[in-house]
Structures are given as structure tokens and as C-alpha cells.
Trainee: 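Here it is, the structure in full.
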Amino acid sequence: MSTAATPWEPDDATAAPASTPALAGMRLTELIGEVQDRLATVARTQARVQDLLDAFLSVSAGLDLDTTLRRIVAAATGLVDARYGALGVLRPGGGLGDFITVGLPEGHPALSGPPPEGKGLLGQLITDPRPLRLGDLSQHPAAVGIPADHPRMRSFLGAPVRVRGEVYGNLYLTEKRDGEFTAEDEAVLVALAGAAGIAIDNARLYEQGQVRRRWQEAVADVRVALLGGASPDTALQLVADRVRTLTGADATWLLVALPDTDTYQVQAQSSGPELADVTGARLPPEDTPALRAVLSAGAVSSLDLTGLLPGAPTGRAPWGPAIGVPLERTDAWPAIVVAVRRGGAQPFDPALGPLVAAFADQVGLALDMVARQQVARRLDVYEDRDRIARDLHDHVIQRLFAAGLSLQAAATRVRDDVVQQRLRGVVDQLDETVRDIRTTIFDLHTTDGASTADSLRRRVLDVVTAAAEPGLHPTVRMSGAVDALVTGALAADVEAVVREGVTNTARHAAARHVTVTLDVGDEVVVEVLDDGCGIDPLVARSGLGNLERRALARGGSASAQRVAEGGTRLRWHVPLPARSES
């Protein structure tokens, strides 16, 4: 019985051994090649994963925000082998606020012009924040507005960078060196963008902490200055300087409300030398938009003052973004701080508002505390002055009066004319001493407040001090109800007489001492006595003529005569009206 070959067996049994080794060798070669390809892929993947890990470490290496952003762009460019890379940071109001590039040569025209606004293909990722990969970006409908001098770019890969779920910016990569960007490049870039968001968040938190620390240091500087004895004006200037520095403003003004008016006065200014100093200028709110905005809101206000803010602050200036904050003080008139940047500058970061407000509150509390301390110290000084004045009045003057009366009584019993004359001279000296002490008592009772602005006693003392030149020693004596009875136009005449008399002594008498006496009784008597060379009878008397006319107009008289002992006595007296002029 013969056997037939099965369908899966060859007819020639001897042919199998010859073909099987060749077929097996071909399959083995294919398997080895496939294994090698897979090993190469694994190696490339491992290398890329390592590159991605290195990129993660690179972008997370520092806490400075600007440095972190540049590291992100550099890491992304190297990770996908792109020739050019950029990171566009979104602006709060829309568009791109910052644009960081990698790959463009130093001095390239694209770097010298204004940053992109976030339109065209760049704006595609802003309006639709999803990864975008293109083989030829020029074929995309949004690829418009590319400058003529821009480097040639074909392949494109972009991905959004999110921070706490919000899009912070976009990564833009172009011109892959060995072809087009792949899906693997896209996945790697998305992973890097996630790590970049964490790094940016950390850098922002650190930066915010540093900013808060700088504002706290500014408050401490103001407090140290105040507690160190600096005047409130010096402290307000320090406030203006610190606000300008910390906000990055081009100019800062601190304006204080004037009492009983709607007008504010520039109390401090911080700016560059190119801006005229307008400290002391008065600004009504209706002419100053920044003041009007803050007063209307009663809180921190941000606005655009392009062409609106008085720049010097009178006249127009190219101002742009502005921020105003009220500086509330319970022990003083309210104030407002206005910080401005020039037109075209970036608006103030909205995060500055709470920081400036907190700074203003702390400064206001510090100023209030110092004001209370100053009031307490002044009260202590006034209390000591009152005590000294009472002691002078109750003890010293009474003893002097008693001594004077005793000497007067003794002089009537002395028969020697020389001794009598000397005793009378001592009594006169005691009377002059009593007048000097009374003037001193008035000075002790006088405060520095606004209530003494109309005090004739104070005005006379100020006039004598201002008119007396170096080398001339003035003495002022006053008696009677000077402030109560001499007011209005009569007080102005008295002040003019004293000024004329002391000025003439300082300029023409060559005197060392001058004594001004103001006595108010039935008459108002002003005497100016000096120890100079004496008045020349032939000298022109235009100033004295004015004084005579003032006296005659009030029914009095005025005279200037040489004193026998040397010097000149100017005497001006008028009757005291029944009711002083107002």
C-alpha cells in the first residue's frame, strides 16, 4: 500500500531540510531588527523622559519670577528641538503684557520694537487655550500681521500655561530643526507647561511675600522716623518717596485737606528732577480727577489720567495710569496719596490696591499715635509753663513790689539828694524788671496754636525779632490788657510803629540795645529807646512822617528825639477808643 503525501507536507521529502534554515534565518533577522528598533525607541523615550525631568528641575530651580519665565522658555525650546521659543504672559485687561523670547540673535529688529499685542496666531491660543500644532503656520487663517523683518518660521507648536486653573500665558515654539513637531513633542510640551505652572505659582507666591515685606519695611521706616523725632512733614515726604518706589510710579504727590475748605494742598512730592516741584500748590477736587475719584469712592481708586491730570500739577502732562488712596487720620485733616505713571506705561497691578491701602492705614495710625504723643508732651510743657508763671506772679513780682515800696518809703526819709536819686533809680529798675517779668509770664502762657495768630503781643514780639539785625539786642516790655483792648486797625498801626522804630534803629542808630515798650491804659503808648548815636535833626524823616500821620488820624501824636545820655527815643501815643476797631 502506497502512502500519499499530505497537503502540508512537501512532495520531495529531501527539499525541507534545504529551505527551512533560510526561512528561519530571515525571520530571526526581522525579529532582531524589530527588537533593536524597540530598544532604540525605549532608549529615545528614556532619554526624553530624562530630558523632561531635567527640564522640570530647571524651571523649578529658582524663585525669581523673571528668571523662572526665561528658564521655562529655554527648557521648552531645547526639549522639542525648536529654533525659536517665546512665552507670552497674559495681561489682566486682555492681550499680552510681557513677551519673553529665546533664539533671536542679539540686536535683531524684532527685539527692539514694541512687544506683540497678542493678535493673529498668537491670539489664537489666547481665545482658544488648547495645544496647537501646525506643519506650516503661514497656512493658518490666523497667521496675519507677521513683520517683514521677522525670521522665517514654518513649523509651530503652542500650549497654554495654567496657574491654579487660570491661563497665565502661552508657550510658542517654532521652526523644529529636523522637520515638523510630532504628537510626542506636543505631549512633552503639555507636560512641561504643567510643571511650569507650578514653578510660576511658587515664584509668584515668593514675589508676593517679598512685596509684602517691602511694604512692611516702608511702614517701619515711617514709624522709626516719627519716633526718632522727625516732623510730620518729613514723615509725609518719606511716605511719598516709599509709595513711588514700591509702586514703580513716575511721580507721587501727597495732598492734605485744608481746614474748612474743599481744597487740597500738595504737602509732599516725589519725582525725578525733570518735574517741577509744586509742594504748597492748592488743588480743588473739581480740577483734579484723581482727587475727585478717591473722594467719590472713599477707597483706593485706579484710573487712566491720559491728558487729564494737571501735570505740574498745573498745566497738562503726558500722564497715564494712576492710583489714589486716602490716608485717614483721626487727629489731623485727611490726606490723599496719588501715584502716576506716564502715558503708555503699564497699568498698576490690581494687587497693589490692598497693599497701598494697608500701608496708608498703618501710616495713618502711626501719624495719629505721634500726634497724640506730641499733644501730651505739649500739655506737659504748658503745665510747667503755667506753674512757672504762677510762681513768678505770686512770689517774685510780689517781693519786687514789696522791695520797691520799701525803697520809696526810705527815699522820703533820706535828706541826701544823691542817695535819694540812687534810690529812685533802683525803684525804676525794679519797675522795669516787673514789666520784663510780666512779658515773660505772657510768653509762658502763649501756645503755638492758631489761637495766638491774632495776638498783638505775639505779633509785636515777632516783629521785633525779625527787624533786629545781628549785634542788636532787643528787649520788649508790655503792660495792660494789650490783646483785649488793642485790636483791628489800631493793632495794625501799633505793629507798624514797632516795625518802623526797630528797623530805623537797626539800620541807622549803630546801637547795641533797643527797648520796645507797649503800655495800654487810657492811652496806647509805644516807645522805642536805643543806645545808639542819636537821631540827626537834619535827616529825612519820611518813615517818621508816616507814623505821625497815623497818630494824628487817631487824635494822638508821635515824636523822635535824641536822648541826653545817648541814643534816640521814639514815642507814639494815641487815645484808646471806647470800642476798638475791628
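Everything numeric here is computed off the predicted structure, so don't read it as measured data.
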Trainee: Does the side chain of Val340 reach to within under 4.5 Å of the side chain of Trp253, using non-hydrogen atoms?
Mentor: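 Side chain of Val340 against side chain of Trp253, heavy atoms only: contact under 4.5 Å found.
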Trainee: Does the pair Asp250/Arg341 count as a salt bridge with the N-to-O cut at 4.0 Å?
Mentor: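 So Asp250 does not pair with Arg341 through a salt bridge.
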Trainee: Within a radius of less than 6.0 Å around CZ of Arg507, do more than 12 heavy atoms belonging to other residues, nucleotides or ligands occur?
Mentor: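 It does not: Arg507 CZ has 12 such atoms or fewer within range.
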Trainee: Applying side chain to side chain donor-acceptor pair (under 3.5 Å) to Arg223 and Gln362, what does each step give before you reach the verdict?
Mentor: CA-CA 9 Å; Arg223 286 178 176 171; Gln362 293 296 320; 2.6 Å; yes
Trainee: With a 4.5 Å cut-off on side-chain heavy atoms, are Leu529 and Arg569 touching?
Mentor: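 Yes. Closest side-chain heavy atoms under 4.5 Å.
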Trainee: I want to check something: taking the side chain as every heavy atom from C-beta on, are Arg477 and Thr515 in contact at a cut-off of under 4.5 Å?
Mentor: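 Counting from C-beta outward, Arg477 and Thr515 do come under 4.5 Å.
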Trainee: So Asn504 and Glu500, side chain to side chain donor-acceptor pair (under 3.5 Å) or not? Walk me through it.
Mentor: CA-CA 6 Å; Asn504 285 338; Glu500 180 69 22; 3.1 Å; yes
Trainee: Check whether any side-chain heavy atom of Val514 lies under 4.5 Å from a side-chain heavy atom of Thr475, and answer yes or no.
Mentor: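 A side-chain contact under 4.5 Å is absent here.
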Trainee: Keeping Glu527 on the side-chain end and Thr517 on the backbone end, is there a donor-acceptor pair under 3.5 Å?
Mentor: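 Side chain of Glu527 to backbone of Thr517, a donor-acceptor pair under 3.5 Å: no, none is there.
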Trainee: Shortest non-hydrogen contact from Ala268 to Leu236?
Mentor: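 Distance-wise, the nearest heavy atoms are CB-O, 3.8 Å.
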Trainee: By the definition side chain to side chain contact (heavy atoms under 4.5 Å, CB included), identify the one residue from Val497, Thr505, Val498 that meets it with Val516.
Mentor: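 The single option meeting the side chain to side chain contact (heavy atoms under 4.5 Å, CB included) with Val516 is Val498.
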Trainee: Salt bridge or not between Arg512 and Asp531? Use side-chain N to carboxylate O under 4.0 Å.
Mentor: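 No, no charged N to carboxylate O under 4.0 Å.
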Trainee: Taking the side chain as everything from C-beta on, heavy atoms only, tell me whether Val524 gets closer than 4.5 Å to Val482.
Mentor: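 The answer is no; the side chains never approach within 4.5 Å.
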Trainee: Would you indicate whether Asp522, at its atom CG, is surrounded by more than 12 heavy atoms from other residues, nucleotides or ligands within a distance under 6.0 Å?
Mentor: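 At most 12 heavy atoms, drawn from other residues, nucleotides or ligands, come within 6.0 Å of this atom.
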Trainee: Decide side chain to side chain donor-acceptor pair (under 3.5 Å) for Gln420 and Asp416; before the verdict, give the C-alpha distance in whole Å, the side-chain angles of both, and the deciding distance to 0.1 Å.
Mentor: CA-CA 6 Å; Gln420 281 187 352; Asp416 191 332; over 6 Å; no
Trainee: Does any part of the side chain of Asp530, heavy atoms only, come nearer than 4.5 Å to the side chain of His513, both counted from C-beta?
Mentor: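 No, their side chains stay 4.5 Å or more apart.
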Trainee: Kindly indicate whether the side chain of Arg242, heavy atoms from C-beta on, has any atom under 4.5 Å from the side chain of Asp221.
Mentor: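 Yes, at least one pair of side-chain atoms sits under 4.5 Å.
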Trainee: Would a 4.5 Å heavy-atom cut-off, applied to side chains only, mark Val224 and Val222 as touching?
Mentor: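 In short, these two side chains do not touch, never coming nearer than 4.5 Å.
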